[in-house]
Amino acid sequence: MSNTHIFDELEKRLQNLAVLLPSAQEKDGLSEVNAADFGVSEEVDNTKPFQEALAYCRENGIRKLIVPKGVYHFRSCEGESHLPLDDMEDFVFDGQGSEFIFETVASYISVKKSRRILVKNLVLDWNWEKTPLASIGTVTDVASDGSYIECVFPEREDVPEDMRFSIVGPFDPKRYTPGCAGGIEFRPYYNDHVKKSGDEESDKKMQALVRELSNVFLQKQEKTGPSALRFYTVDPQFTKTHFHRGDCFRFRHYEYDILTVPIEDSKDVTLDHITIYSSPGSGFVGNGDISGLHFTHCRVTVRPGCVRNISTATDCLHICNSQGGFIIEDCEFGYAGDDCINIHDNSSMGVQRIDSHTLLALRVTKEAVLFEKGYPVELRMPDLSPMGFTSVLTDVSYRPESRTCLLTFADELPKELPADTVLWNQRFQTQNYIIRRCRFTNNRARGVLLQGSNGLVEDNIFENIQGAAIQIETGCESRWSEGHGVQNLILRRNVIRHCDLNAWQMAVLYMGVYLPDGRTHASVFENILIEENSFIDCPRLAMYLSSCKNVVVRRNVIINAGQLPLEAHTYGSSTMEAPIYGETYRGIIQFEKARDCTEENNTILSTILE
């Protein structure tokens, strides 16, 4: 029997979520200043004038900086951020509808070690005239011997012969949007996003989870016309089989180059009517000891009236390793190079026991796991089941050259530690969140990637997403290890239409793990309510729900699901891969390695004739 009272209690708890605005109480002297008084102008490089204005506000306790409405260019940046709202308290930055245009690879705005900050009424954009972030290429010719393909780039009058790019993905040539049925995605050269441990056997298992094509192009390309390039390929047979005249791709020139608006070690930060039209990295990024984030009427999308094919080069909004407590409402996200929203804490897999209190953690970088002295760390079995051990770190020593970290614990370690032991840093709890009345459209990767507990996701629209609309996940592989499981989540009254275009995860709502040894019987996902949602035009399953307990699926409507054969090789980023773990899929709603789950009063129909 399901325990539905848990969901009522969760809603009551989340109703108390609140983010404090800056105090209205005035201090002695000036309460606000105008940026124009510091030399800000539409005619100059505005980085230094704005930094001087912010420094004045910080040093003199000014409550508000007003920007006269205009279009301001930022052409240089000597520090990490053009506009550092760092070490500030009870401060309002009001752009009054201004547009800020950037062209230097540095954060646009940062909020670090601050309290009660409000940033509002701003448009942030990248100078595409100087450097485009991505280019659309259409295949015009495939060599008869498979030695090359040629692409024309219609958006560009003149394309450089040495055009650089890191990843190439399918693009719908008619709709001019990311993703299309049967499209392939690949890294042109060898994938260098892999973290190896030095243990050949475990590295091989971890690498098997990297279901991403790479090493498709030789590092040889040449110009064949003003806006045309020829790319020489590694495997002639692959080229002849999988590239065709008319195929359309997005060539991304940037990927993880910046954090556009990083928010770190801060509390009670509100972003109101902030639009990001483009950036060479992730959009809004929360990390570290942050709590109390409110995003309202924010947008990450392409600028109207421009030939643009991408907004942010990676995620629109990414929150990790935080203290949770955030609200995302009445926002719009789309056209990004990765997920619209990703919520998670990080983990690591792989250990070597050194002595009774010390182990060597493998595949670890400081910026990912944030292990520090005094932090509690939990050890989990390789299948993510509890080991029953959590202890405080008494010493931490990172070894960046080998991507390892020596950890000393206050308590004695278990005598037998599996080589693939998983470490969860329990100092961080990215949970307690609301996502409501948002729109997620025309995006690569996922709509929302939910890897945090205690959430409410309701009244949102998901449409034309390349991967799953909603993905609930935890796991470990060679590139990243994210999530500590998900407990207590409500998904309600969402509309999901025409998503999972490239059958990334077999279902438009996907719940599962990624682990070297496959699916786990451990209940990594628990107390999930999925009710009164609409699932329309699903290529395969509407829902795949695994490694879970007390999942309630009720009163949903599913229209036109199961359009593709479940056994076809269209899993993942490419069309060549078999289903993950060699699994067999079935039905429209599939439970796998699940217990105490309920499916009731759902409506399933099709308007498509067989």
Side-chain angles (χ1 to χ4, degrees), residues 169-175 177-186 208-213 237-244 246-249 443-447 462-473 496-514 518-519 530 533-548 553 556-594 599 602-610:
F171 209 78
D172 191 319
K174 294 181 180 179
R175 299 186 76 257
T177 52
C180 61
I184 64 171
E185 180 168 297
F186 59 92
L209 292 171
V210 182
R211 300 171 68 83
E212 182 176 63
L213 284 173
Q237 188 56 50
F238 178 94
T239 302
K240 290 191 291 183
T241 303
H242 297 293
F243 288 100
H244 314 90
D247 289 349
C248 191
F249 296 97
N443 201 71
R444 177 192 176 271
R446 284 64 58 108
F462 300 83
E463 190 163 15
N464 210 59
I465 305 294
Q466 187 174 342
I470 300 174
Q471 188 159 322
I472 304 163
E473 192 170 60
I496 298 172
R497 179 185 289 109
H498 193 58
C499 293
D500 199 30
L501 303 180
N502 288 94
W504 274 29
Q505 295 289 7
M506 298 302 299
V508 297
L509 196 166
Y510 171 85
M511 179 192 298
V513 301
Y514 54 97
R519 304 280 181 203
I530 304 167
N533 302 282
S534 295
F535 299 81
I536 304 167
D537 190 14
C538 311
R540 294 192 174 181
L541 304 180
M543 300 177 228
Y544 181 88
L545 311 168
S546 66
S547 302
C548 55
V553 182
N556 299 281
V557 172
I558 302 170
I559 302 174
N560 297 336
Q563 299 178 38
L564 297 177
L566 296 182
E567 69 278 4
H569 286 203
T570 55
Y571 170 86
S573 302
S574 74
T575 59
M576 282 67 69
E577 299 183 74
I580 193 167
Y581 306 129
E583 293 176 323
T584 299
Y585 300 99
R586 58 193 182 276
I588 301 299
I589 303 172
Q590 180 173 348
F591 291 91
E592 190 70 30
K593 294 180 172 55
E599 181 274 321
N602 296 288
T603 300
I604 301 175
L605 62 92
S606 177
T607 58
I608 301 173
L609 296 178
E610 295 184 1

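Just so it is clear, the structure is predicted and the values come from calculations on it, not from any experiment.
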(request) Return the orientation label for the Y544 and Y510 ring planes: parallel under 30°, perpendicular over 60°, tilted otherwise. (result)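 Rings of Y544 and Y510: parallel, under 30°.
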Heavy-atom pair of closest approach, residues [X] and [Y]:
| X | Y | value |
| --- | --- | --- |
| Y585 | L541 | CD2-CD1, 4.3 Å |
| A468 | A507 | CB-O, 3.6 Å |
| A445 | I465 | O-CG2, 3.1 Å |

Is the side chain of [X] donor-acceptor paired with the backbone N or O of [Y] at a distance under 3.5 Å, no angle test?
| X | Y | result |
| --- | --- | --- |
| S546 | M511 | yes |
| N602 | V553 | yes |
| R444 | G179 | no |
| N443 | Q466 | no |
| N502 | W504 | no |
| D247 | G183 | no |
| N556 | F535 | no |

Does the side chain of [Y] come within less than 4.5 Å of [X]'s, by heavy atoms?
| X | Y | result |
| --- | --- | --- |
| E185 | P170 | yes |
| P178 | F171 | yes |
| M543 | I558 | yes |
| F186 | H242 | no |
| L509 | L545 | yes |
| E592 | R586 | yes |

Just verifying a value: how many Å separate [X] [atom1] and [Y] [atom2], rounded to the nearest 0.5 Å?
| X | Y | atom1 | atom2 | answer |
| --- | --- | --- | --- | --- |
| I604 | I589 | CD1 | CD1 | 4.5 Å |
| D500 | R446 | CG | CZ | 10.5 Å |
| I470 | C499 | CD1 | SG | 9.0 Å |

(request) State which residues pass salt bridge (charged side-chain N to carboxylate O under 4.0 Å, His left out) with E599; sequence neighbours excluded, sorted by chain then number. (result)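 Residues passing salt bridge (charged side-chain N to carboxylate O under 4.0 Å, His left out) with E599: none at all.
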(message) Run the side-chain hydrogen bond (donor to acceptor under 3.5 Å, both in side chains) test against T607 and tell me which residues pass, sequence neighbours left out.
(response)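 Here the qualifying residues are N560.
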(message) I'd like to check the side-chain hydrogen bond (donor to acceptor under 3.5 Å, both in side chains) partners of S534; sequence neighbours left out, ordered by chain and number.
(response)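 Scan of S534 (side-chain hydrogen bond (donor to acceptor under 3.5 Å, both in side chains), adjacent residues dropped) gives none.
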